[in-house]
Amino acid sequence: MFSWVNKEQGGRNKDGEMYQTVTEGLQQLYSKKLFPLEETYLFHDFHSPALEAADFQSKPMVLLVGQYSTGKTTFIRYLLEQDFPGMRIGPEPTTDGFIAVMYGENEGIVPGNALVVDPKKPFRKLNAFGNAFLNRLICSQMPNQVLQGISIIDTPGILSGEKQRVSRGYDFSEVLRWFGERVDRIILLFDAHKLDISDEFSEAIKAFRGQDDKIRVVLNKADQVDSQQLMRVYGALMWSLGKVINTPEVVRVYLGSFWAKPLQNTENRRLFEAEAQDLFKDIQGLPRNAALRKLNDLIKRARLAKVHAYIISYLKKEMPSLFGKEKKKEELIMRLSEIYTILQREHHISPGDFPNVVKMQEQLQHYDFSKFPSLKMKLIESVDKMLANKISGLMTMIRDEESMAPPAMVSGGAFEGSQDGPFGQGYGEGISAGSDCEDWIVSRDKHKYDEIFYSMNPINGKISGVNAKKEMMNSSLPNTVLGKIWKLADCDKDGMLDDEEFALAQHLIKVKLEGYELPTELPHHLVPPAHRKNEVADILYNHDEN
C-alpha cells in the first residue's frame with residue numbers, strides 16, 4: 001500500500017515501526033526521533049514543553065482572541081446555536097479566564113486544576129503556568145454537533161494599560177503563545193467601533209509570531225456602520241494590523257455581524273452573507289487538514305530543535321575548562337547574534353529558523369554553560385533522516401487516508417443548512433433568478449430586447465454573429481466573457497441568434513454586469529421556450545418508432 005511499508009512483515013517499515021494511522025506515525029516519530037534531541041539540549045526549558053499523546057490525537061482547535069466586548073463569546077454562541085456552560089455575555093469585560101469549549105456526553109464544567117491532570121485532554125503542560133492561571137481556566141463540555149468536529153478556546157477580553165497585565169497574575173502572552181503553537185486556527189476579533197490595538201493586544205498578536213498561516217481576522221458588528229464608514233473602518237483596521245503583524249502577505253479579514261440579531265444596516269447583507277460562508281468553509285475544512293497541520297508543526301519544531309542544539313553545543317564548546325567562566329558567559333551572551341551568523345554559515349541554516357535573540361539572551365542568563373552537552377551528531381542525523389525520509393511516507397499516508405475515508409466536515413449549529421432553502425447565499429439572485437418561477441424570467445424584459453433585435457434587420461427571424469457582436473460589445477465586457485455568453489445563448493449552435501436567443505444573451509450580459517458569475521452550462525430555467533424539448537412528444541415519438 002505504501003512504498004516504505006513491507007506488508008510481508010506485518011505492515012512494519014525497515015526499522016520495525018508500525019504506523020496504522022498518520023496520527024500514530026507522528027506520535028512515534030516524535031517520541032523516537034525528535035524527543036531525544038529536545039531532551040538532551042533542554043529544548044523544553046527554552047521553547048516549548050514536550051508533546052504528549054493527546055496533542056496528536058485531539059480534535060482541531062480554534063482560538064478566539066480580541067479586546068473586551070468584540071463578541072468572542074457571542075461568536076461561539078453563534079456557531080453552536082446554543083448556550084454553553086460558563087458562558088457570560090455583556091458589554092463590560094465578562095470572560096476573565098480561558099474557557100475550552102469541547103464535546104462531552106454530559107453537560108458540565110471541569111475546573112482548571114482537574115483539567116490539566118486529564119491525560120485525554122491536550123492541556124496537561126499548562127500546569128507550568130501555576131495556580132493563578134489554572135484558577136482562570138475551565139473546560140466547558142456539552143453534547144453539541146459542532147464540537148464533534150472542533151474545539152473552541154475562548155480567551156479573556158484584552159484591556160489597555162500596564163495595570164491589566166500585572167493584575168492577571170500570570171504571563172498572558174506566554175499562555176497565548178502556548179495555545180498558538182497547538183491550535184489549528186487563530187481568530188482575531190475586532191469591533192467596528194473599537195479598532196485600536198492596545199499594548200497588551202499588540203503583545204498578544206506578537207506571541208503568535210511564526211503562526212501567521214493560522215491567523216484569520218474577523219471585523220465583527222460591521223452592520224453597525226454604513227457602507228462609506230465600513231470602507232474607512234476596513235482601511236483603518238488594515239493600517240493598524242500592518243504595524244503589528246510583520247508579514248508581506250495581506251491578512252484575510254472577514255466582515256460581518258456574527259450573532260442572531262437583526263442587521264442594523266441591511267445594505268451590505270449580500271457582502272456579509274458571502275463573508276460568513278467563506279469563514280464557515282475555512283473552519284469546516286479544519287478536520288480535513290488537521291493531520292497535515294500537525295505534520296507541518298512537527299517539521300517546524302524539528303527545525304527549531306536542531307538549531308537550538310547547535311546553539312547550546314557551540315556555547316559549551318566556547319567555555320573555558322577552569323577559570324573565567326562567568327566572564328566568558330557574559331561575552332557569549334553579548335555576541336549571540338554574531339554566533340547565529342557563524343552557525344548559519346557553518347551548518348547552512350536559514351536565518352528565519354533561529355529563535356529571537358533578545359529572548360534567548362534573557363533565558364541564557366540562568367544557565368551554567370559549562371554543564372551544557374556537547375554536539376552529538378547522531379541525534380542530529382536521526383532528525384535529518386526523519387525529515388528526509390519518514391515525513392514523505394506520512395505525506396503519502398495522509399493522501400491515502402483521505403481517499404479511503406475523507407474526514408467529516410464540521411457540521412451542526414450555524415454550519416447546518418446555511419446553503420439550503422431560499423435563504424442560502426445567492427438563492428434567487430444572478431443566474432439562479434427565476435429558477436422557481438413558472439414563466440421564463442427573460443420574458444420580463446424581452447420587449448426591450450426585441451426593439452434592439454428588430455432594429456438590426458434580422459433575416460428569416462435571425463441575426464448573424466457579426467451583427468450580434470456589434471451590439472454585445474456595447475456592454476464593454478471582455479471578449480472572453482462575451483464569447484462564453486455567445487456559446488450559452490446560441491442554443492441550437494447554428495452560429496446565429498433568433499429573438500429568444502438574443503434576449504437570453506442580453507439577460508446574461510445583465511447578470512454579469514451586476515457582478516454575478518456565469519454558469520458553465522445553461523440552467524434549464526433559462527433555456528428559451530422555443531428551444532426546450534417537449535418531453536411528452538419525445539416519449540410518444542419514441543413509442544411510435546418502436
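For this chain, numbers begin at 1 and follow the sequence in order. Side-chain atoms are counted along with the backbone in the values below, which use heavy atoms only and exclude waters and symmetry mates.
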### Query
In chain order, what residues pass the side-chain contact (heavy atoms from CB on, under 4.5 Å) check against A290, with sequence neighbours excluded?
P60, D184
### Query
Does one side chain, of Q229 or Q224, offer a donor that lies under 3.5 Å from an acceptor on the other?
no
### Query
Is there a donor-acceptor contact under 3.5 Å linking the side chains of N268 and S227?
yes
#### Entry: Pair D297 + R182, salt bridge at N-O below 4.0 Å
no
### Message
For R269, is there an ion pair with D223 - N to carboxylate O distance below 4.0 angstrom?
### Response
no
### Close side-chain approach of K446 and D499, heavy atoms under 4.5 Å
yes
### Qualifying residue, where the test is side chain to side chain contact (heavy atoms under 4.5 Å, CB included) with R185 and the options are L286, I215, D213
L286
### Query
Between atom CD1 of I150 and atom OG of S58, what is the distance when rounded to the nearest 0.5 Å?
12.5 Å
### Query
Is the count of non-hydrogen atoms from other residues, nucleotides or ligands lying under 6.0 Å from K493 atom NZ greater than 12?
yes
#### Entry: Sequence-distant partners of Y254, ring-ring contact (aromatic ring centres under 6.0 Å, His included), two or more places apart
none
### Task
State whether a side-chain donor-acceptor pair under 3.5 Å links K281 with Q284.
no
### Message
Check this for me: R216, atom CZ, are more than 12 non-hydrogen atoms of other residues, nucleotides or ligands nearer than 6.0 Å?
### Response
yes
### Message
Does this structure show an ion pair linking D191 with K221, if we count only N-O contacts that are shorter than 4.0 Å?
### Response
yes
### Message
I'd like to know if R444 pairs up with D439 as an ion pair, taking the criterion as any Lys NZ or Arg NE/NH1/NH2 lying under 4.0 Å from an Asp or Glu carboxylate oxygen.
### Response
yes
### Query
Heavy-atom distance under 4.5 Å between the side chains of W486 and L482, does that happen here?
no
### Note, H525 side chain near C437 side chain (heavy atom, < 4.5 Å)
no
#### Entry: Between D154 and T73, a side-chain donor and acceptor under 3.5 Å
yes
### Query
Would a 4.5 Å heavy-atom cut-off, applied to side chains only, mark I186 and L176 as touching?
no
### Message
I need the Q211 CD to F179 CZ distance, nearest 0.5 Å.
### Response
13.5 Å
### Task
Find out whether F208 and K214 are in side-chain contact, i.e. whether some heavy atom of one side chain is under 4.5 Å from a heavy atom of the other.
no
### Task
To the nearest 0.5 Å, tell me how far I463 CD1 sits from N457 CG.
10.5 Å
### Query
Do M473 and N479 come close enough that some side-chain heavy atom pair is under 4.5 Å?
yes
### Task
With sequence neighbours excluded, tell me which residues meet side-chain contact (heavy atoms from CB on, under 4.5 Å) with E517.
K512
#### Entry: Distance-only side-chain donor-acceptor flag, E24 / Q28, under 3.5 Å
yes
### Task
Compare all side-chain heavy atoms of L526 with those of L508 and state whether any distance is below 4.5 angstrom.
yes
### Within 6.0 Å of NZ in K385, more than 12 heavy atoms from elsewhere
no
### Task
Answer yes or no: is there a side-chain heavy-atom contact under 4.5 Å between M496 and D490?
no
